[in-house]
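Note sheet for the following structure.
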Amino acid sequence: MAKIKDLHARSVFLLVHMEYSFNAIEKKWQERWKADQVYKVYNNSTKPKCYVLDMFPYPSGTGLHVGHPLGYIASDIFARYKRLKGYNVLHPMGYDAFGLPAEQFAIDHGIHPATSTKQNIKNFREQLDRIGFSFDWSRQINTAEPSYYKWTQWIFLQLFNSWFDRVENKAKHIGELISSFEKQGSSGIHSYHANNSFSSSEWKSYSEKQQQDILMEYRLAYCGFGEVNWCEALGTVLANDEVINGFSERGGFPVVKKKLRQWYLRITEYADRLLAGLEKVEFSEAMKEMQSNWIGKSYGAELDFAFEREPSKKLRVYTTRPDTIFGVDFMVIAPEHELLTDLTTPAQKREVETYITYVKSRSERERIAEKKISGCFTGSYVLNPFNSRKIPVWISEYVLAGYGTGAIMAVPCGDERDFKFAQQYKIPITNIIGSHFHGEEANPTKDALLENSDFLDGISMRDAMSLVIEKLESIGIGNKRVNYKMRDAAFSRQRYWGEPFPIIWKNGIAYPLDEKDLPLELPKVDSYKPGPDGEGPLANLPDWTSKHLETNTMPGYAGSSWYFLRYMDPNNSETFCSRTASAYWGQVDLYIGGTEHAVGHLLYSRMWTKFLFDLDLIGFDEPYRKLVNQGMIQGSSRFVYRIEIKGSDKMEALAKQKPVFISAGLKNKKLSELQSSIKNILIESWGEEASEVEIISISGLHVDVSLVDGMELDIPAFKKWRSDYSNASFVLENDKYICGSEVEKMSKSKFNTVNPTELVERYGADTFRMYEMFLGPVEQSKPWDTKGIEGVHRFLRKLWRLFFDEIKGRVWTSETATADERKVIHKAIKKLDEDTDRFSFNTAVSALMITVNELGELKCHKKEVLEKLLILLAPYAPHISEELWHEIGNEYTILDAPYPKYDEKFLIESEKLYPIAINGKTRTELNISLDASQQQVEEMVLADETVRKWLNGVTPKKIIYVRNKMINLVV
RNA sequence: ACCCUGGUGGCGGAACAGGUAGACGCGCAGGACUUAAAAUCCUGUCUGCAGAAAUGCGGGUACGGGUUCGAUUCCCGUCUGGGGUACCA
């Protein structure tokens with residue numbers, strides 16, 4: 001019985017192997033890899049370690065589209081490649097499961113975010129599994145699970161219980177600060193908050209509340225007040241992108257700024273280390289630039305301008321250009337500036353108030369982005385400290401309260417924005433840079449010699465900077481100052497679906513929860529509606545509020561700031577990640593994700609890592625050694641163009657029932673030209689009365705990309721797509737309906753998404769993986785186009801035919817390879833090795849295609865060559881490689897195969913055809929042996945008939961050999 | 001508005017340190033095999049001019065300048081697509 005079964009299996013096997021049945025092969029290997037746990041990794045090995053990480057996804061309800069796997073495929077290729085190269089590779093995956101969309105979904109549909117998230121994760125996982133990734137799923141994490149966020153809360157408590165010692169430039173336990181206050185009061189080196197000055201005995205005499213208020217100014221996680229987008233009508237706080245032009249995206253209700261109690265992370269204390277750390281990591285220069293611009297370190301000075309009316313009062317400004325002090329023609333303060341009421345004169349009061357109301361409705365982005373300038377005079381003047389010149393004080397939205405001192409000295413001849421402001425409000429401009437300023441536009445030069453500048457006249461601006469600062473310091477009205485554009489990170493949300501804060505409030509004091517009470521689980525709620533006064537939904541729970549627990553929750557980036565550590569030790573219930581685990585795996589060797597995280601997630605996780613390092617909880621202070629940013633795959637949307645008409649009610653109703661669409665090539669003609677040519681079609685469709693209607697416009701509508709072949713609309717399918725299009729008629733060009741197209745972000749609502757699972761079913765995971773890589777460089781954004789996928793599929797079938805013939809069956813042999821065949825495969829090994837290492841996966845795929853073509857031309861079916869080829873291919877197309885690897889007689893997984901080494905000796909040529917150029921223009925070619933000396937080559941070149949003719953007796957000035965590619969004679 | 005990044009055939013892209021621009025693939029055109037289709041294979045495919053042809057000469061990497069013997073690559077300016085701008089992830 002057993003034998004019969006076996007025979008049967010064998011015949012099926014042979015039959016199957018005539019052609020490349022990718023579906024069966026991929027299913028078989030995915031099951032076997034899972035059963036054999038081939039991707040499970042252990043925290044110890046004699047091999048070197050390599051940690052390859054993807055930015056984990058937010059499991060959105062719309063599932064995976066072809067853009068998601070791009071980075072995952074790239075990292076999977078790299079992880080498999082490293083494993084083949086003999087590394088112990090950690091390649092995990094998980095979910096960043098807290099987030100606003102799930103909460104909005106809950107509000108709209110009443111489904112608990114945990115439920116919808118769980119479902120979404122299931123979908124993601126099913127889709128991911130089809131692509132054949134080498135993730136170690138036993139290490140999967142989910143930031144929304146209590147076993148995970150217990151440690152997010154725990155790290156938060158460490159931040160809460162820490163302060164930053166600016167002398168040692170590191171975080172320390174708050175207890176050290178307290179004992180310093182007890183011993184020497186605020187005179188200790190640790191006091192850097194100017195408004196706190198107390199002695200040791202004063203400290204001891206303070207109430208607990210007073211002491212805690214002071215400590216709050218030092219904690220790395222602290223509570224304060226901050227402005228949020230408040231929508232009264234919705235009773236909730238809105239994200240910036242939920243606000244459009246001062247109105248809520250949903251409902252269109254007015255949105256204003258409101259101050260609410262907020263948690264913050266004191267990331268500004270790490271500004272210098274975040275900046276310095278960039279030098280130790282392999283991020284792209286662009287990424288480093290974005291981060292350092294965000295941190296925005298600048299050197300300058302703070303100085304006081306006394307009020308004209310009340311010289312004891314001062315307006316303090318921050319400037320990076322103290323040298324321009326005599327060019328100050330006006331001051332601008334932020335609308336939120338605390339001295340605004342003092343500065344506003346009764347005459348200007350009404351105007352200032354109107355302006356403030358206007359600014360309140362504006363988002364910060366709008367305030368700095370808008371081209372038009374707005375502002376308002378306060379009525380007051382301050383005095384230039386050096387020459388007592390009267391300077392008017394203005395308010396403008398482009399000055400932000402949070403940066404510097406919230407007030408600037410405006411120098412219109414040197415600053416573009418100040419210049420435009422002066423022009424708009426007709427403020428006279430002082431020129432301090434002579435001929436560098438023409439009155440047409442500002443000139444921010446630092447090279448001019450100063451004029452109209454009192455004691456600075458004739459001095460260069462660069463030298464003047466330090467002179468002014470010295471003088472300011474000596475007369476005590478200012479000082480040198482380093483400033484950062486970066487602000488402390490807002491760390492709370494008035495939302496439900498996030499980590500609860502392990503904080504209890506008593507008498508206005510925030511007390512940390514005991515560690516043993518973690519996790520503080522997110523309670524179930526009946527309603528996701530906001531709580532009273534803009535608080536989060538947790539404020540609606542009597543059970544929660546009666547315990548005085550914090551009602552804010554943590555933001556999306558909390559869990560993602562440290563997740564890379566949890567993968568190292570995912571099931572540890574004693575600690576967030578054991579020291580042995582983090583010591584073994586260390587930094588992430590390769591991190592892949594989009595640039596959109598440049599200044600958010602990446603900075604936060606770098607800060608958390610530095611913090612954990614300071615507390616000696618991990619042994620490294622940069623999380624990611626190397627970062628690669630994958631580009632975004634955009635959707636290529638298709639449009640149909642509907643004719644919009646004006647006419648009788650009957651006609652307008654018909655226009656809805658029987659819409660008429662016009663082909664893209666015709667839509668740009670003038671409406672008047674169209675009237676006559678389209679009328680016939682309208683009459684045909686709607687009856688005689690249609691001759692009366694007027695065509696008023698043509699509107700473009702998204703159409704599902706699956707209904708369009710290239711640009712041509714599949715009309716029957718389109719009619720079936722939506723019931724209201726079933727009676728549609730079409731104005732064609734050349735008997736075809738041609739759609740319009742546009743490249744946009746991939747999204748369900750634009751009908752331009754492509755589902756990877758469908759492609760995997762049609763062409764196989766291997767084809768899909770290789771095609772995504774073949775599409776272009778991983779780093780580059782590009783629109784998705786399914787058309788080319790056939791070419792990659794053809795390549796895999798060609799590869800298959802090197803092993804099996806449709807009629808003859810097995811064709812691979814154990815014969816010894818020829819020199820030509822060896823040359824082909826060694827060329828491939830060299831190229832693949834280089835390309836995979838430098839992340840040039842698109843050219844690597846091309847090289848594989850060329851190799852298979854060349855082997856096909858040579859009719860090479862030799863195992864010796866083919867098995868090397870399979871290993872090269874394995875990271876890219878794991879299923880087919882594994883199948884064929886076993887077919888040629890290997891028992892173990894291809895991932896444990898030794899990666900082939902190329903041998904120069906198979907590639908060496910004895911002579912080469914060199915182009916010979918004169919002044920860069922190629923004139924002829926010469927065969928030159930590779931071991932010829934430079935002099936021999938020169939003699940040969942100069943002796944050549946054609947070259948001599950061209951040189952026409954002239955001796956070349958020099959002869960340049962260009963990287964083994966050409967020889968150029970410069971005359 | 002500011003910061004970052006891209007722009008090369010009909011299309012995706014290649015050219016890795018400034019050195020023969022258009023590899024590889026798609027599409028298209030023609031051909032072979034087939035009763036036919038599918039599949040497969042072969043040939044051509046930036047462009048203008050000349051030529052029966054092999055081929056030759058010129059132009060060409062968004063646009064305008066510059067540096068260089070030589071520029072898709074470096075520099076300056078302009079136009080334009082994409083990402084980010086602090087509560088989307």
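Source: prediction; values computed, not measured. Chain naming here is simple, since letters A, B, ... match the order of the sequence lines and numbering starts at 1 in each.
The aromatic ring centroids of A/Y264 and A/Y222 lie less than 6.0 Å from each other. Between A/F839 and A/F841, the distance separating the two ring centers is shorter than 6.0 angstrom.
Taking every side-chain heavy atom of A/P915 into account, B/rU20 is the closest of B/rG13, B/rU20, B/rA23. Across B/rC87, B/rC16, B/rG19, the shortest atom-to-atom separation from the side chain of A/R495 is found for B/rC87. With distances taken from any side-chain atom of A/R801 to the nucleotides B/rC87, B/rC41, B/rC24, the minimum falls on B/rC41. For A/N842, whose side chain is taken as the heavy atoms from C-beta onward, the closest listed nucleotide among B/rC4, B/rC24, B/rG13 is B/rG13. Picking from B/rG83, B/rC24, B/rC11 the nucleotide with the shortest atom distance to the side chain of A/F774 gives B/rC24. The side chain of A/E596 sits closest to B/rA89 out of B/rA15, B/rA89, B/rA39. If you check B/rC11, B/rC88, B/rU85 against the side chain of A/W294, the one that comes closest is B/rU85. Side-chain atoms of A/M849 lie closest to B/rG25 of the nucleotides B/rG83, B/rC26, B/rG25.
Within 4.0 Å (heavy atoms only), A/K485 reaches at least one base atom of the nucleic acid. Residue A/G788 is in sugar-phosphate contact alone, with no base atom involved, counting any heavy-atom pair closer than 4.0 Å across all strands shown. Among the protein residues, A/Q780 comes within range of the sugar-phosphate backbone only, with heavy atoms under 4.0 Å from sugar or phosphate atoms but none that close to a base. Across all strands, A/A598 comes closer than 4.0 Å to no nucleic acid atom at all (heavy-atom distances). Base contact: A/M486 has a heavy atom under 4.0 Å from a base atom. Within the 4.0 angstrom heavy-atom criterion, no nucleotide atom of any strand lies near A/K921. Counting any heavy atom pair closer than 4.0 Å across all strands shown, A/M966 reaches a base atom. Residue A/V237 is classed as a base contact, given a heavy-atom separation below 4.0 Å to a base. Here A/V228 lies in heavy-atom contact (under 4.0 Å) with a base. Residue A/E779 is classed as having no contact, given no heavy-atom separation below 4.0 Å to the nucleic acid. Base contact: A/I960 has a heavy atom under 4.0 Å from a base atom. Residue contacts shown for A/D835 are absent, as no nucleic acid heavy atom lies under 4.0 Å away.
Ion pairing of A/E336 with A/R367 is present here, as a side-chain N (NZ or NE/NH1/NH2) and a carboxylate O approach within less than 4.0 Å.
Between the base of B/rC87 and the side chain of A/Q494 there is a donor-acceptor pair shorter than 3.5 Å. Interface remark: the A/N968 side chain does form a donor-acceptor pair with the B/rC69 base, using a distance-only criterion of under 3.5 Å.
The side chain of A/N240 places no N or O atom within less than 4.0 Å of a non-bridging phosphate oxygen (OP1 or OP2) of B/rC88. Regarding contacts with the backbone of B/rC87, every side-chain N or O of A/N229 stays at 4.0 angstrom or more from both OP1 and OP2. Within the 4.0 Å cut-off from OP1 or OP2 of B/rC26, at least one side-chain nitrogen or oxygen of A/R794 is found. For A/N853 and B/rG25, the shortest distance from a side-chain N or O to OP1 or OP2 is below 4.0 Å. Considering only side-chain N and O atoms, A/R417 lies nowhere under 4.0 angstrom from the phosphate OP1 or OP2 of B/rA1. Checking the phosphate oxygens (OP1, OP2) of B/rC87, a side-chain nitrogen or oxygen of A/R493 falls inside 4.0 Å.
Between B/rU67 and B/rC3, the distance separating the two P atoms is 28 Å to the nearest Å. Rounded to whole Å, the separation between the C1' atoms of B/rU72 and B/rA21 comes to 7 Å. For the P atom pair drawn from B/rC79 and B/rC87, the interatomic distance equals 32 Å after rounding to whole Å. Distance noted for atom P between B/rC24 and B/rU45: 12 Å (whole Å). Across B/rU20 and B/rC2, the matching C1' atoms stand 43 Å from one another, rounded to whole Å.
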Steps toward side-chain contact (heavy atoms from CB on, under 4.5 Å) verdict (A/R606, A/L278): CA-CA 10 Å; A/R606 289 183 60 219; A/L278 290 174; 3.3 Å; yes

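In this structure, B/rG9 is classed as syn because its glycosidic torsion stays within 90° of zero. Regarding the sugar-base torsion, B/rA15 falls in the anti class, its angle being beyond 90° of 0.
Residues A/G99 and A/P777 both approach RNA chain B. Their nearest nucleotides, taken by heavy-atom distance, put A/P777 toward the 5′ side.
Below 30°, between 30° and 60°, or above 60°: for A/F768 and A/W784 the angle between ring planes is between 30° and 60°, a tilted geometry. Ring geometry, A/H601 versus A/Y563: the interplanar angle falls from 30° to 60°, so the pair is classed tilted.
The partner of B/rU67, taking Watson-Crick or G-U wobble pairs whose two distances both stay under 3.5 Å, does not exist in any strand shown. Pair assignment for B/rG51: none, as no Watson-Crick or G-U wobble contacts are both less than 3.5 Å. The base-pairing partner of B/rG12, taking Watson-Crick or G-U wobble contacts with both distances under 3.5 Å, is B/rC24. The base-pairing partner of B/rG60, taking Watson-Crick or G-U wobble contacts with both distances under 3.5 Å, does not exist among the strands shown.
Side chains of A/V941 and A/I959 form no contact here, defined as non-hydrogen atoms less than 4.5 Å apart.
Note that CG of A/L775 and CE of A/M773 are 8.5 Å apart. Values are rounded to the nearest 0.5 Å.
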